[in-house]
Student: 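Attaching a single structure in structure tokens format; questions to follow.
As the structure is a computational prediction, the values presented were derived from the model and not from experiment.
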Amino acid sequence: MKGKKILLVDDDIDLISAITLVLTNSGYEVSSAYNGKEGFKKAQAEQPDLIVLDVMMTTHSEGFDIARDLRKVEATKKTPIILLTSVNTTVPFKFEPDATYLPVNIFLEKPVTPADLLVQIKKVLGD
């Protein structure tokens, strides 16, 4: 776990602050971005071990779009992605990770406690 980098991409500053506190206290190195475009750039530059990505930011589908874009680039093609969103409260239907439309490792619905998110992060990273 020590030294593993996690990129948080979400437009909710309070959520990023809370998750950052939990993750840094657990030994992870954390960086953040507040929209998909910034997150995409940081992912390429920093090459994190994991990306935690929101769906609804600048647009209602920005996280879906960025996840697919991240899979097209060699630097982030295999980087694990946890999609964290409240989209199901707005558009109630079930999402499942798949290689084409939703190329992520885990899909989590908000609200999720930081402790529950930490469990999923450890599972994805093998910690």
Side-chain angles (χ1 to χ4, degrees):
M1 164 182 346
K2 185 147 179 105
K4 289 194 177 175
K5 296 184 277 184
I6 299 175
L7 173 61
L8 304 176
V9 184
D10 199 308
D11 60 346
D12 184 335
I13 295 168
D14 294 332
L15 180 69
I16 284 185
S17 295
I19 293 172
T20 297
L21 182 62
V22 169
L23 295 179
T24 56
N25 285 341
S26 297
Y28 294 102
E29 184 181 325
V30 180
S31 63
S32 57
Y34 299 98
N35 62 58
K37 185 177 180 179
E38 180 186 4
F40 183 82
K41 287 180 183 176
K42 278 195 171 186
Q44 302 312 301
E46 298 175 6
Q47 296 188 10
D49 297 295
L50 171 69
I51 300 167
V52 177
L53 178 62
D54 186 25
V55 171
M56 295 188 297
M57 292 177 282
T58 307
T59 67
H60 288 297
S61 64
E62 187 171 17
F64 296 140
D65 301 333
I66 295 302
R68 287 189 296 272
D69 290 345
L70 288 166
R71 293 297 183 236
K72 294 175 186 173
V73 179
E74 195 61 39
T76 54
K77 188 180 222 173
K78 295 183 181 180
T79 304
I81 299 172
I82 294 177
L83 200 62
L84 179 64
T85 187
S86 59
V87 72
N88 277 352
T89 62
T90 306
V91 182
F93 53 89
K94 184 87 170 135
F95 288 103
E96 293 292 335
D98 70 64
T100 304
Y101 184 70
L102 193 54
V104 301
N105 297 75
I106 295 177
F107 180 85
L108 294 176
E109 292 184 40
K110 290 179 182 176
V112 62
T113 67
D116 289 340
L117 178 59
L118 183 60
V119 167
Q120 296 301 318
I121 287 170
K122 288 180 177 184
K123 183 162 74 171
V124 170
L125 292 176
D127 292 340

Student: Measuring from atom CZ of F107 to atom CD of Q120, what distance do you get when rounded to the nearest 0.5 angstrom?
Tutor: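 These two atoms lie 13.0 Å from each other.
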Student: Taking only residues two or more places apart in sequence, or in another chain, which ones meet K78 in a salt bridge (Lys or Arg N to Asp or Glu O under 4.0 Å)?
Tutor: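 Per chain and number, K78 pairs via salt bridge (Lys or Arg N to Asp or Glu O under 4.0 Å) with no residue.
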Student: Working to the nearest 0.5 Å, report the span between CG of L15 and CG of D10.
Tutor: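 Between atom CG of L15 and atom CG of D10 there are 5.0 Å.
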Student: Minimum heavy-atom separation for M57 to G36, with atom names?
Tutor: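 Nearest pair, atom of M57 first, then G36: CE-N, 3.8 Å.
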Student: Using the salt bridge (Lys or Arg N to Asp or Glu O under 4.0 Å) rule, collect all pairs that involve residues 40-66, keeping only residues at least two apart or in two chains.
Tutor: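 Of all non-adjacent pairs touching residues 40-66, those that pass salt bridge (Lys or Arg N to Asp or Glu O under 4.0 Å) are D54-K110, D65-R68.
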Student: Run I82 and I51 through side chain to side chain contact (heavy atoms under 4.5 Å, CB included) and show every step you take.
Tutor: CA-CA 6 Å; I82 294 177; I51 300 167; over 6 Å; no
Student: Just how far is it from atom CD1 of I6 to atom CD of E29, taken to the nearest 0.5 Å?
Tutor: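 So the gap between those two atoms works out to 10.0 Å.
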Student: Please tell me whether L53 and V73 are part of a single hydrophobic cluster in this structure, the criterion being side-chain heavy atoms less than 4.5 Å apart.
Tutor: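 Shared cluster, yes.
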Student: For residues L83 and V119: do they belong to one hydrophobic cluster (side chain heavy atoms under 4.5 Å, members Ile, Leu, Val, Met, Phe, Trp, Tyr)?
Tutor: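 Looking at the clustering, V119 is in a separate group from L83.
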Student: Checking Q44 now: which residues fulfil side-chain hydrogen bond (donor to acceptor under 3.5 Å, both in side chains) with it, not counting sequence neighbours?
Tutor: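 For Q44, the residues satisfying side-chain hydrogen bond (donor to acceptor under 3.5 Å, both in side chains) (neighbours in sequence not counted) are T76.
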Student: With rounding to the nearest 0.5 angstrom, report the CG to CG distance, L8 to L23.
Tutor: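 Rounded to the nearest 0.5 Å, the CG-CG separation comes out at 6.0 Å.
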Student: Taking side-chain hydrogen bond (donor to acceptor under 3.5 Å, both in side chains) as the test, write out the residues that go with T59, two or more places apart.
Tutor: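 Applying side-chain hydrogen bond (donor to acceptor under 3.5 Å, both in side chains) to T59 gives none.
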Student: What's the separation between atom CD1 in I13 and atom OH in Y34, rounded to the nearest 0.5 Å?
Tutor: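 These two atoms lie 6.0 Å from each other.
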Student: Do you know the tightest heavy-atom contact between V104 and A67?
Tutor: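 Answer, listing the atom of V104 first, then A67: CG1-CB, 4.0 Å.
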Student: Are the side chains of L70 and I81 in contact, using a 4.5 Å heavy-atom criterion?
Tutor: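 In short, these two side chains touch, coming nearer than 4.5 Å.
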Student: Under the side-chain contact (heavy atoms from CB on, under 4.5 Å) test, which residues partner P80, sequence neighbours left out?
Tutor: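 side-chain contact (heavy atoms from CB on, under 4.5 Å) check on P80 returns L50, N105, V124.
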Student: Any side-chain heavy atom of M56 sitting closer than 4.5 Å to one from F64?
Tutor: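 The answer is no; the side chains never approach within 4.5 Å.
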Student: For I16 and S32, work out which heavy atoms get closest and say how close.
Tutor: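 Closest pair (atom of I16, atom of S32, distance): CG2-CB, 3.7 Å.
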Student: Does any part of the side chain of V112, heavy atoms only, come nearer than 4.5 Å to the side chain of L84, both counted from C-beta?
Tutor: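 Heavy-atom side-chain distance check passes, below 4.5 Å.
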Student: When rounded to the nearest 0.5 angstrom, what distance separates OG1 in T58 from NZ in K37?
Tutor: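 Between atom OG1 of T58 and atom NZ of K37 there are 10.0 Å.
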Student: If I compare all heavy atoms of A75 with all of Q47, which pair ends up nearest, and what's the gap?
Tutor: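 For A75 and Q47, the tightest heavy-atom pair comes out as CB-NE2, 3.5 Å.
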Student: Between A43 and P48, what is the shortest heavy-atom contact and its length?
Tutor: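 So the minimum-distance heavy-atom pair works out to O-CD, 3.5 Å.
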Student: Over all heavy atoms of both residues, which pair between V22 and P114 is shortest? Give the atoms and the distance, please.
Tutor: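 Between these two residues, the closest heavy atoms are CG2-CB, 3.4 Å.
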Student: Among residues at least two apart in sequence or on other chains, which ones pass salt bridge (Lys or Arg N to Asp or Glu O under 4.0 Å) with D116?
Tutor: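 So D116 forms no salt bridge (Lys or Arg N to Asp or Glu O under 4.0 Å) with any residue.
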